2 protein chains.
Amino acid sequence: MAEAVSAEKILDTAAGMIERHSVEAFSMRGLAEELGVAVTSIYWHVGGRDKLFDSLVDRLLSEMAHLPVEGETTVECIASLARSQRRALIERQHLLAIAHERDCTPMLFLPIQQTLAGLLAELGVTGTEAALVLRAVQVQVISSAVMQFSAVRGAKHEEEDPSLWDDDWPDQELVQALQSPTDYDALFEYGLSALLATLPG
Amino acid sequence: MAEAVSAEKILDTAAGMIERHSVEAFSMRGLAEELGVAVTSIYWHVGGRDKLFDSLVDRLLSEMAHLPVEGETTVECIASLARSQRRALIERQHLLAIAHERDCTPMLFLPIQQTLAGLLAELGVTGTEAALVLRAVQVQVISSAVMQFSAVRGAKHEEEDPSLWDDDWPDQELVQALQSPTDYDALFEYGLSALLATLPG
DNA sequence: ACCTGAACACCGTTCAAGT
DNA sequence: ACCTGAACACCGTTCAAGT
């Protein structure tokens, strides 16, 4: 007389497991066990592994439909939107990783495409050029999140070996900066403001 | 009396298989079969799956040690180096994907870090700022390659559904541009020049 | 030093059978 | 409509045994 299993609950549990132990550790059989149910009943509710992951990505997409935007100027609004999107993606790193490994990252462009298009239009940026800028911002946001996730996870077994740098390399401040861990937030801001600087106004 | 198996040959064959059929399709047993050898002998020569992938990533790193650089000005040299690195990564997309999924992408910074540092020094950019710019360029290059690979593979089952855009959206040129496939080369150049525009000189 | 087969503990998925 | 167990065809890895 266990609680009923629904597609909803299955997806929730799967997302939770993945968030706790990462995608590689996830298995259908493990999920079934966590749910207290036979593996095969998962297939009835949500289909196989692929379908399950597709559904998780769909969820991620719809969760990103309404992101907060604020700012005095139009450019600040664009920056704010980009930051919101990035934060949302990082909060759901594991789902983002799934989307990436399933080659769905371009879909992540969609939820905020229209808002971004509207803001660019306010600046007088339209047509093919607007498409280029829009996609450049999207790639900046998404790839920043994708890379940061991968890098942070890899940071554990990463010991920057200083043997590559001569001891008499002239710029020791640089060497030291490169040996401390990368600040991906700062990198993102740097790249973003470089992009926004190309805009009029 | 089959040909001798060596660690070299195993790695070559593995890389070839992965390049032809992608990582997901790769298996130890399949590799053994292709080599005409028992699975277990692979373990003697190169170790398990993880070790094998590590070795492949190491190869990728050493292959990227000497990239062509040319340009009249220092800024052009930086751009040329970035393009070389990107091209090299895209030519080895599958190895790049492995490096990414193993969280080794930051290691890809290393091969050209020193050259880049030297070029930045020529521009008078040093210390912490140089580290920031250097990493920004690296992230731009690597993430561009990572995203492009994922996007191109996903493009097959991607039909841009136009239902999201109203038929009376004012900027139809933009809508049409967004419905044609993304030009990742152009996006890369756009982002790169935005980054380089922040440099002095 | 090199290669083997058997065996273990896992997978995802299908399908006929139950209620 | 929902859940099950058995079975299939795969995995990666270990290990004792061969030459």
Side-chain angles (χ1 to χ4, degrees), chain A residues 1-58 94-95 97-104 153 157, chain B residues 1-58 94-95 97-104 153 157:
Chain A
M1 194 50 59
E3 305 160 35
V5 255
S6 61
E8 280 293 314
K9 182 167 183 188
I10 293 177
L11 291 180
D12 285 341
T13 316
M17 288 179 64
I18 291 170
E19 199 166 336
R20 285 199 306 277
H21 307 97
S22 176
V23 204
E24 294 82 32
F26 175 84
S27 76
M28 291 285 140
R29 291 174 129 104
L31 173 58
E33 195 175 7
E34 181 107 352
L35 286 163
V37 119
V39 211
T40 42
S41 86
I42 297 175
Y43 284 80
W44 194 91
H45 283 288
V46 299
R49 195 178 213 260
D50 280 355
K51 266 239 179 136
L52 193 152
F53 281 178
D54 279 341
S55 304
L56 287 179
V57 172
D58 282 348
H94 302 268
L95 293 184
I98 291 178
H100 177 72
E101 87 175 16
R102 318 202 88 230
D103 305 322
C104 294
R153 297 206 315 171
H157 47 90
Chain B
M1 196 48 58
E3 305 160 34
V5 254
S6 61
E8 280 291 314
K9 180 168 185 186
I10 292 177
L11 291 180
D12 285 341
T13 315
M17 287 178 66
I18 292 171
E19 200 167 333
R20 284 198 305 276
H21 308 97
S22 174
V23 203
E24 294 83 33
F26 175 84
S27 76
M28 290 286 142
R29 292 175 129 104
L31 174 57
E33 194 175 8
E34 181 108 350
L35 286 163
V37 120
V39 211
T40 41
S41 86
I42 296 175
Y43 284 79
W44 193 90
H45 283 289
V46 299
R49 197 179 212 260
D50 281 355
K51 266 240 179 134
L52 192 151
F53 281 178
D54 279 341
S55 305
L56 287 179
V57 172
D58 282 348
H94 302 269
L95 293 184
I98 292 179
H100 177 72
E101 88 175 17
R102 317 202 89 231
D103 306 321
C104 292
R153 296 206 316 171
H157 47 90

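Below, chains carry the letters A, B, ... as their sequence lines are ordered, and counting in each starts from 1. Keep in mind that this is a model prediction, so the values were computed, not measured.
Donor-acceptor pairing under 3.5 Å, judged by distance alone, is absent between the side chain of S27(A) and the base of dG12(C).
At a threshold of 4.0 angstrom between heavy atoms, the contacts of S41(A) include nucleobase atoms, whether or not backbone atoms are also involved. Contact annotation for R29(A): base contact, defined as any heavy-atom pair under 4.0 Å involving a base atom.
What separates CZ of F26(B) from C1' of dG12(D) is a distance of 11 Å, to the nearest Å. Distance CG (L31(B)) to P (dC10(D)): 17 Å, rounded to an integer number of Å. Note: NZ (K9(B)) to C1' (dC2(C)) measures 15 Å, nearest angstrom. Put simply, CD on E8(A) is 14 Å from P on dC2(D), counting in whole angstrom units. The interatomic distance linking I42(B) (CD1) with dC3(C) (P) rounds to 11 Å, in whole Å. E24(B) places its CD atom 15 Å from the C1' atom of dG12(C), with the value rounded to the nearest Å. If you measure from atom CD1 of I10(A) to atom P of dC3(D), you get 8 Å, rounded to the nearest angstrom. Whole-Å rounding puts the M28(B) CE to dT14(D) P distance at 11 Å.
Remark: E101(A) does not engage R153(B) in a salt bridge, criterion side-chain N to carboxylate O under 4.0 Å.
Taking CZ of F26(A) as the start and CD1 of I98(A) as the end, the distance is 8.0 Å to the nearest 0.5 Å. We find the CD-CE distance between E33(B) and M28(B) to be 14.5 Å, quoted to the nearest 0.5 Å.
Here the side chain of S55(A) pairs a donor or acceptor atom with the backbone of K51(A) at under 3.5 angstrom.
Residue R49(B) has its side chain nearest to dT13(D) when only dT4(C), dT13(D), dC15(C) are considered. Nearest nucleotide to the W44(B) side chain, out of dC2(D), dC15(D), dA1(C): dA1(C).
Mapped onto DNA chain C by nearest heavy atom, Y43(A) and H45(B) fall at different nucleotides, with H45(B) at the one closer to the 5' end.
Across all strands shown, the partner of dA7(C) is dT13(D), judged by Watson-Crick or G-U wobble contacts whose two distances both fall under 3.5 Å.
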Item to check | Pair H100(B)-H100(A), side chain to side chain contact (heavy atoms under 4.5 Å, CB included): steps then yes or no | outcome: CA-CA 11 Å; H100(B) 177 72; H100(A) 177 72; 3.7 Å; yes
